[in-house]
Q: 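What follows is a structure written as structure tokens; I'll ask about it next.
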Amino acid sequence: MAASLVFRLHDRGPEVVREVLLERGWEEYDEEEGEEEDWNLYWRGSAFHNSEYHNLLPWQRLNHHPKTLGITRKDCLARNLRRMRATFGSSLYDFSPTVFILPNDFTRFLAEYNRLRPTREPPVYWICKPVDLSRGRGIFIFEDIKDLVYDCNIIVQRYISNPLLISGYKFDLRIYVCVKSFHPLTVYIHQEGLVRFATEKYNLSSLQNLYAHLTNTSINKFGPFYKMEKERVGQGCKWTMSKFRHFLHSQDINELLLWQKINNIITLTLLTIAPSVPSCPNCVELFGFDILIDVKFKPWLLEVNYSPALTLDCQADITVKKGLISDLIDLMNYTSVDSLREKAYQKHKYKQPCFYANQPSHVPVPVLSKFKETKCQKKASGIQVSPPQALPLLKTLRQSEKMNPRQSRQHAFVADYRRHLPPVDLNKIYAARGRKTNATVTKTYTDKTLNLILGPHSRTNVPVVNRQTCPTLAPWLMDNRSLHVSEVTNHDDTETEAELQLSGETDVSSKIPDIRQSGLGFRHSAVSLKLPNIYSGSQRPVRTPLKGTTALNEQHIPPLRVGDFIRTFPFNTATLKASQHELDVKSVIQELHKLTGWLASGQSEKTRWRRVEEELKKDMKGEEDFDSLFWGPKDPPLLSQCFKPT
Ligand code: ADP
């Protein structure tokens, strides 16, 4: 019987993640009993250690990319945005309130404070936030510098004192953003999100009243009015984004422009760190972007959350967060059974060792990571190996390779996995390409092809055999062209090696240089084995990429939409190209400019919507090779339908 997918939650993890995964038939990892590597998804609220990234196995995924602190810590975000402003202009990066990092920037803050002081009409307010705290902890608002007292590293930010109010209540938007990959940059924004309200009416004459000025649920749920029915807002302090859309419709504004500006903020913020995040395709990240809208409908970025709260406090939470996690799992593209993990354990049972090291062939060295049965094995076999038999062999391997236990297991896994990869029959390849070879050459993959990291667009990713990845095949390879071998393990455990097909598709990930970071040394992901298509959901199937989104000039295009996640980057051919090799930030910015400029100019909202509707009704014949959906509005239209010149 096939083993279930296994999730591992750090510190008992968010309940909603557990709930969603159990509903989908996953099993929870048992910290006491579980085999160290026997899990598919490790979910942590806090950061992973470098070693955890180094030691990832092909079937394992983490819910954080490394090195994203650059936007998730308040002072780092401030610094990065300042740098981008200096490079690309303050008019583009004008979406975050003026900010100072104290104590370092104290003199600069003082100068700005004094500059604004004489003209304080309307008055200028500031908000002070500890750099590394969240949930509203340690925050206060002040007008007079004598009220600024602090004993830790803080940021002082210009307080947006004219927020858009709903029936007198301040609110902000929590937008969920999934970065599926940083190399190439691939971003999805969820259609559902949360609107978080303050629970007392906004009033600038009571700056100390946090229930009126802060929108954090962690604060407002302790407020005296939390449970009361509040005008228009209702009970509690949250709306779903869908409810907010209804509100927006009642306002006479260019709704599309607002969504596009928020979308721009998200992309421009991610661009600040994208080039410096190491490539780690087995990772995915769910960020929570906090956006405040002012009375002029200008959106402001307040902060980016590393581990957005997943607690279920009210009905809006349940609706939004359950769907969100479910869609995130779909986006990770798991199949019901993880054949990679299963193969690694089950094939050998304990008759053979789970792993072999690169030892001389006459000395098969079993390397058993632990001597417990794995979940797969429990189901698949009753055969066991006794620890005393295996221990000396394991010791020998570690000593001879001078490896730590974990390295030796991994190393052994690579060697072992290689044995199970299909041979590359060059005759077949050349037949497919219309060329002949007189020799019958059969090669197996080399270690280099065994990059154990998932390709960034796992759905249609294909490992590539080329000069770089298989130097031994170089004499048979023409020019710089690559031979592409379709996924080793896609779909489910019914797949056999005989199903491996030769394909002409290009593996985008093969062209992406791994960004190495000093001290990190991530594995080179020049070639990625595609992780199994381990989608396990029966209720929410992944929507297959729409026609025309799978290939453009042989480049892979990630799906337009997965559940309620809308792909927002790359959003057109130019941004796809700009993100394939080294991220071309300048080109991306130009494209964003164009898009926003088009929306900001010309037609009234009503005319625009009528046209969008008309276009949607037309048949899809004119659809371009690469199209994107417009994130934000209800029933998101295609970009091509919104932006065709009249
Ligand atoms: P935390 O990480 O502690 O939640 P935030 O930066 O998100 O810190 O701030 C908490 C809340 O304070 C926000 O949700 C928002 O309501 C309010 N807030 C933060 N910064 C500003 C600002 N510059 N202008 C107006 N309100 C702000």
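First listed ligand is number 1; within each ligand, the first listed atom is number 1. These numbers were taken from a predicted model, which means no experiment stands behind them.
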Q: Less than 4.0 angstrom from a charged side-chain N to a carboxylate O is my criterion; do Asp635 and Arg245 meet it?
A: no
Q: Run the numbers for me: atoms of ligand 1, each under 4.0 Å from some heavy atom of Arg196, listed by number.
A: 14 (O)
Q: Please work out whether any backbone atom (N, CA, C, O) or any side-chain heavy atom from C-beta onward of Leu214 is under 4.0 Å from ligand 1, and answer side chain, backbone, both or neither.
A: both
Q: Between Asp75 and Arg73, is there a salt bridge with N-O shorter than 4.0 Å?
A: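 Looking at Asp75 together with Arg73, the answer is yes, because their closest N to O distance falls below 4.0 Å.
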Q: Under a 3.5 Å threshold, yes or no: a donor from one side chain and an acceptor from the other, between Asn264 and Thr267?
A: no
Q: Can you list the ligand 1 atoms lying under 4.0 Å from a non-hydrogen atom of Asp290?
A: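 Atoms satisfying the 4.0 Å criterion: 7 (O).
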Q: For ligand 1, which part of Lys74 has a heavy atom less than 4.0 Å away: the side chain, the backbone, both, or neither?
A: side chain
Q: Under 30°, 30 to 60°, or over 60°: which ring-plane class applies to His64 and Tyr306, parallel, tilted or perpendicular?
A: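 Parallel, since the angle between the ring planes stays under 30°.
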Q: For ligand 1, which atoms, with element, lie under 4.0 Å from some heavy atom of Pro97?
A: 23 (N)
Q: Heavy atom under 4.0 Å from ligand 1: found in Lys129's side chain, backbone, both, or neither?
A: side chain
Q: Quick one: look at Ile160 and ligand 1, take heavy-atom pairs under 4.0 Å, and tell me if it's side chain, backbone, both or neither.
A: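 It is both parts that get close, each with some atom under 4.0 Å.
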Q: Can you sort out which atoms of ligand 1 are near Leu133, meaning under 4.0 Å from one of its heavy atoms?
A: 2 (O)
Q: Check ligand 1 against Leu292 and write out every atom of the ligand that is under 4.0 Å from a heavy-atom position of the residue.
A: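 Ligand 1 atoms under the 4.0 Å threshold to Leu292: 25 (C).
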Q: Determine whether the side chain, the backbone, both or neither of Thr215 has a heavy atom under 4.0 Å from any heavy atom of ligand 1.
A: both
Q: For Ile139, take its heavy atoms, then give the atoms of ligand 1 lying under 4.0 Å from any of them.
A: 3 (O), 8 (O), 9 (O), 10 (C)
Q: Do any nitrogen or oxygen atoms of Asn305 lie less than 3.5 angstrom from nitrogen or oxygen atoms of ligand 1?
A: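 The answer is no, given that Asn305 and ligand 1 share no N or O pair closer than 3.5 Å.
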Q: Describe, in one word, how the ring planes of Phe197 and Phe171 are oriented to each other, choosing from parallel (under 30°), tilted (30 to 60°) and perpendicular (over 60°).
A: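 Aromatic pair Phe197/Phe171 classed tilted.
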Q: With a 4.0 Å heavy-atom cut-off (strictly under), which part of Lys170 contacts ligand 1: side chain, backbone, both or neither?
A: side chain
Q: For the 3.5 Å polar cut-off, considering only N or O atoms, please tell me whether Tyr159 and ligand 1 meet it.
A: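 In fact, backbone or side chain, Tyr159 has no N or O that close.
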